[in-house]
4 protein chains.
Amino acid sequence: MAVRAAVAGASGYAGGEVLRLLLAHPGIEIGALTGNSNAGQLLGALQPHLLPLAGRTLEPTTAEVLAGHDVVFLALPHGQSAAVAEQLGDDVLVVDMGADFRLKDAADWETFYGSPHAGTWPYGLPELPGARAALAGTKRIAVPGCYPTAVSLALFPAYEAGIAEPEAVIVAASGSSGAGKAAKPHLLGSEVMGSMSPYGVGGGHRHTPEMIQNLSAAAGERVGVSFTPTLAPMSRGILATCSAKAKPGARVTAETLRATYEKALADEPFVHLLPEGQWPATASVYGSNAVHIQVAYDEAAGRIIAISAIDNLAKGTAGGAIQSMNIALGLPEDTGLSTIGVAP
Amino acid sequence: MAVRAAVAGASGYAGGEVLRLLLAHPGIEIGALTGNSNAGQLLGALQPHLLPLAGRTLEPTTAEVLAGHDVVFLALPHGQSAAVAEQLGDDVLVVDMGADFRLKDAADWETFYGSPHAGTWPYGLPELPGARAALAGTKRIAVPGCYPTAVSLALFPAYEAGIAEPEAVIVAASGSSGAGKAAKPHLLGSEVMGSMSPYGVGGGHRHTPEMIQNLSAAAGERVGVSFTPTLAPMSRGILATCSAKAKPGARVTAETLRATYEKALADEPFVHLLPEGQWPATASVYGSNAVHIQVAYDEAAGRIIAISAIDNLAKGTAGGAIQSMNIALGLPEDTGLSTIGVAP
Amino acid sequence: MAVRAAVAGASGYAGGEVLRLLLAHPGIEIGALTGNSNAGQLLGALQPHLLPLAGRTLEPTTAEVLAGHDVVFLALPHGQSAAVAEQLGDDVLVVDMGADFRLKDAADWETFYGSPHAGTWPYGLPELPGARAALAGTKRIAVPGCYPTAVSLALFPAYEAGIAEPEAVIVAASGSSGAGKAAKPHLLGSEVMGSMSPYGVGGGHRHTPEMIQNLSAAAGERVGVSFTPTLAPMSRGILATCSAKAKPGARVTAETLRATYEKALADEPFVHLLPEGQWPATASVYGSNAVHIQVAYDEAAGRIIAISAIDNLAKGTAGGAIQSMNIALGLPEDTGLSTIGVAP
Amino acid sequence: MAVRAAVAGASGYAGGEVLRLLLAHPGIEIGALTGNSNAGQLLGALQPHLLPLAGRTLEPTTAEVLAGHDVVFLALPHGQSAAVAEQLGDDVLVVDMGADFRLKDAADWETFYGSPHAGTWPYGLPELPGARAALAGTKRIAVPGCYPTAVSLALFPAYEAGIAEPEAVIVAASGSSGAGKAAKPHLLGSEVMGSMSPYGVGGGHRHTPEMIQNLSAAAGERVGVSFTPTLAPMSRGILATCSAKAKPGARVTAETLRATYEKALADEPFVHLLPEGQWPATASVYGSNAVHIQVAYDEAAGRIIAISAIDNLAKGTAGGAIQSMNIALGLPEDTGLSTIGVAP
């Protein structure tokens, strides 16, 4: 019998991407779709690419509307998930694509989000050590942020292997869909096209403590992160350029570095270490759940460079959410998901 | 038992898109992949988005390599398909994505392509009157050009209904993938980004006689076409703005025009007349086989305006090829194809 | 002594472009800069590309602030110019970049803009027959719309020469800056990039009566216009593809058509008929006041095709405004303006 | 009397940009324009944006053609400048926009370029300590690479002040024009649009030793550089995100860091430290010689972050060349150059 899924926040980019992927998922029946200011509108007017759902009407985001589903995806602004989740029963699988339940450290939450910490749910990045066990059978999933997904997958093999110093420097470029669908002047096409610009520089971006949490867990020691996000003139995609000094005692070479990554990623269905000499491009993972990774050892600088490309809306948000849902529901992890990008 | 398909020209954009779609087709097993100058290379180096095929090696495009398949897709330069097709048996379904077998009029072929006419195969635009019958069970398919697909679907309902004067004016914008993967200076990213430019102006574009052929057949009289293609700063997509004067005797109004299109397109699985007030955008059909259409009647100018959006590589080439293949093989027409775009 | 110029609406795209060009104008001293919701802010925060003015503070748009200047540029929303202009003396040159004073026909204004007609000012498209005489010494200038600029310059030679039927079909692609800086969801970078889409289809776009006015004046008979604007994934630029049937009696050929355009445009400093075989590209006029034009005669279709490329913010708005201002002030027409695009 | 300038390599992007800027330079008369494979063609066919030079014919790049000019700009492939320069007299100002004469260390040259070292010329980055003195009156100028320009200007104040550890980590995004006009498949619009990708990762990019040379000179000690360039989906622009750990003894704070940069850049005509809270965007410097810089101190990570935006073709190549030429000729340094970007 099909699993019934509702999507709260179906008019936004994350909600739309969940629906796009759920439409291709053989085990899911799509139930209620909700919005706030857009309640009452046809989905076809807001998400014209989702043709099979064009005739659906958005309902308000209430407990009544969301009741009676097996899975509820929350694509809500940060801080709104807890209240909705509380009203859904413990037997409902709640998949939160917001930030509310990602962080373990309440002080970090309060510092970066400025509100009381709602709690911590199993973290929906199955590739991290121990993550699959925590997701199996769970009824609550905290989907990672898009940048932490790209960065953690690029760097955890090095930290898990103990070959990298605990100070990572990360510069990532993201497509504009990562900033959501709310109309703001600096996100206008006229401003974004033909321009690269940074934001949240200097340690203030909210995804920083999430990266520190993931990398520290892999390293077994606290990993500091210098993170600079930049806005790139494209709709989708994250390219994360991550580096850290090699630990002197680890005697890192290009060969040992590659072997470390090959071993760590060998069995992953979605994370792919590219052949030597080939570097990731966000276009190659467009629309897919794939992660392309390549590594290099800069001997002169003594640094390990790991670069990953993901689709921020797919593996970075909705694809990661469905991958984790599959694990929670006991389905094959790759059900309804693809490693094939839409290119060129 | 799975149908085995080979793709000749697998390193180009059309070949890559056929493979992307075939990978999602439940009834197909992918056989030989061939290239010319790229023979011997790994597909992963040339089409990194096709991760499941990354380890495949391109073979040379020869009859020997292509033998033993049930279906052979030809994604070759114009003029090369006939020689290859001749060497394949009559029991092999040959799907030609080049132009060689599209035109019925040998003189038109010679005028526009400057070589002897190779013949005419059943035309792979199932939505046109009579097309499905010709495709059922065929062993030879001529896949339409990308522009003729967009234009014919936008205008055939008006011509079939006899409400439009036989002089169509068409201006279409295409993404750069329509020009293929051969490196030419005017197709460099630096030239294409931030720029719109026309080409093939004044009646010389090779897709013009194909449009005339399709629209004339629908109208039952010769339809003249003024066609101006433009290159738009995007990778994929065609937006075709098509118009013709309304026949005075047809007493066209906005309501009768819409009714004409609703009736003509009612049962089409891929061609979708948008709700009133909503206009097509190429982003909405990105990566899908869907065609979005809208019509308007400009009363002051006395013109019918029909606008369509397609993905030039999908419905405009590889998707249309697979849709036609499905009919030829007796499979459900939409097997392995989607109406869901990848947006934003 | 320098002419002092104020700009009302300095925080928007039109206002910013006027300032960019005025900074390079040797005869102008930049005076007051005003905004509405942005009054009190530094211009550097809103227009960071205008480095020499970064320290200027926006003042409110009032008669007091605008008083005491020789020239006042109005870059205000439609319908607001008349009230401001009335408060400025008859000795001040008022250059309105809005639509309020472009149309001669009050009924047209009311049909398309839905408010009482404010009047008609000398029309700032110097290249049109008789326009320079009307602009010389004037104290009021109505700057044309961006689309009418591109379209009128592409087609007036054909209509002036009496070789085109009075029914023009126009499809134009514009960069997103033409829609202004107000944040609307459909203008987000995520929506615009990778997509072409039409709007205002079927005769409803407000620039239609302006085109009819210009072309009819050139033709000496009423010219009907079918106009379809499309939004292209770029910040700047308009490519206008314009066509009309050749008048049978005019015996148009490729040669006579070219000769007609060469003659009409021979002495124009900014409008350039490209060499045969070369077609306009918006990138080539980026940031400049140049207009690139090419024509073709489609013998099979019997249509004249004229295509123009402009920068919608420069020649299409602010450059045209300054060109007209130069004439009104008795300066050389090209003072401070360039025909050199910023490419690639 | 006007200075006569020739441009060798006028058909490429660097050559075109030099011409665009020289056309606006009041003291220059443009002489011979040369190309290799394009000799004999009209410049208008190759650089249609340079309208005033459209009728010029490209000549072959020979000593005869280049003779008789006061200044010769060389926009040639790496390794070709020395042979041409030798044939020009010592009284001719030769401005090399290639790499041949940038490096002081012959071993570095041979390691990164694989050919004998041609020598070292005065380095055309006037903002670096001591550079103006070396450029004054010189007859030979080595124009810096585009990345080293962006990176050196972002980091030299920190190194000159002795507040940064001598290990810099740099990730920079460049528009595709930086890769030149030679047609290569990975630079096609279809590949570049919608995609971010790295290249030259791990220390191999040829601009790395040039950065090390500049930063080490400023620091008075050897500065190691980890440099990762990425290709961004835009034509122009470089955004360089640069960081280094603060020296513990330097007691860096946000305030002292800002003060250091304010002091170092206070008198620079083209390098602009943005107001606090405002970050550079490449669009803001489009087409201009301006450099926008902002700095932050990430206290948690203990890192200084300095980000710069330049136009890679302007300040990064041709603008820097003309700025240095002005100094060499004794003209005001900003003659013919602008700090005003073309935006949006």
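Numbers restart at 1 for each chain; the letters A, B, ... are given by sequence-line order, proteins then strands. Below, each value reflects all heavy atoms present in this structure, side chains not excepted, and no hydrogens, waters or symmetry copies. Because the structure is a prediction, the values reported are computed rather than measured.
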Item to check | S308(A) versus I293(A), closest heavy-atom pair with distance | outcome: CB-CG1, 3.8 Å

Checklist entry - Which atoms form the tightest heavy-atom contact between I310(A) and A150(A), and what is the distance? => result CD1-CB, 3.9 Å

Engaged part of [X] at the chain D interface, taking heavy atoms whose separation is under 4.5 Å:
| X | value |
| --- | --- |
| S226(A) | both |
| S243(A) | side chain |
| A173(A) | side chain |
| V285(A) | neither |
| T230(A) | side chain |
| A296(A) | side chain |

Checklist entry - Under 3.5 Å, is there a donor-acceptor pair between the N312(D) and S177(D) side chains? => result yes

Checklist entry - Any ion pair linking E221(A) and K247(A) (charged N to carboxylate O, less than 4.0 Å)? => result yes

Item to check | Check ion pair E210(A)-R102(A) (N to O, under 4.0 angstrom) | outcome: yes

Checklist entry - How many angstroms lie between CE in M234(A) and CE in M196(D), if you round to the nearest 0.5 Å? => result 6.0 Å

Checklist outcome for this item: Ranked by heavy-atom pairs below 4.5 Å to chain D, first place among A168(A), G194(A), A300(A), G175(A) goes to G194(A)

Checklist entry - What residue, out of G203(A), P233(A), G302(A), has the most heavy-atom pairs lying under 4.5 Å from chain D? => result P233(A)

For the candidates [options], which exhibits the highest count of non-hydrogen atom pairs separated by less than 4.5 Å from chain A?
| options | result |
| --- | --- |
| H292(D), K245(D), R236(D) | K245(D) |
| E299(D), E167(D), Q294(D) | E167(D) |
| A232(D), G224(D), S190(D) | S190(D) |

Checklist entry - Is chain A contacted by the side chain of V225(D), its backbone, both, or neither, given a heavy-atom distance below 4.5 Å? => result backbone

Next on the checklist: Are E255(D) and R258(D) packed together at the side-chain level, in the sense that at least one heavy-atom pair is separated by less than 4.5 angstrom?
Outcome noted: no

Checklist entry - So, do Y199(A) and H186(A) have ring centers that fall under 6.0 Å from each other? => result no

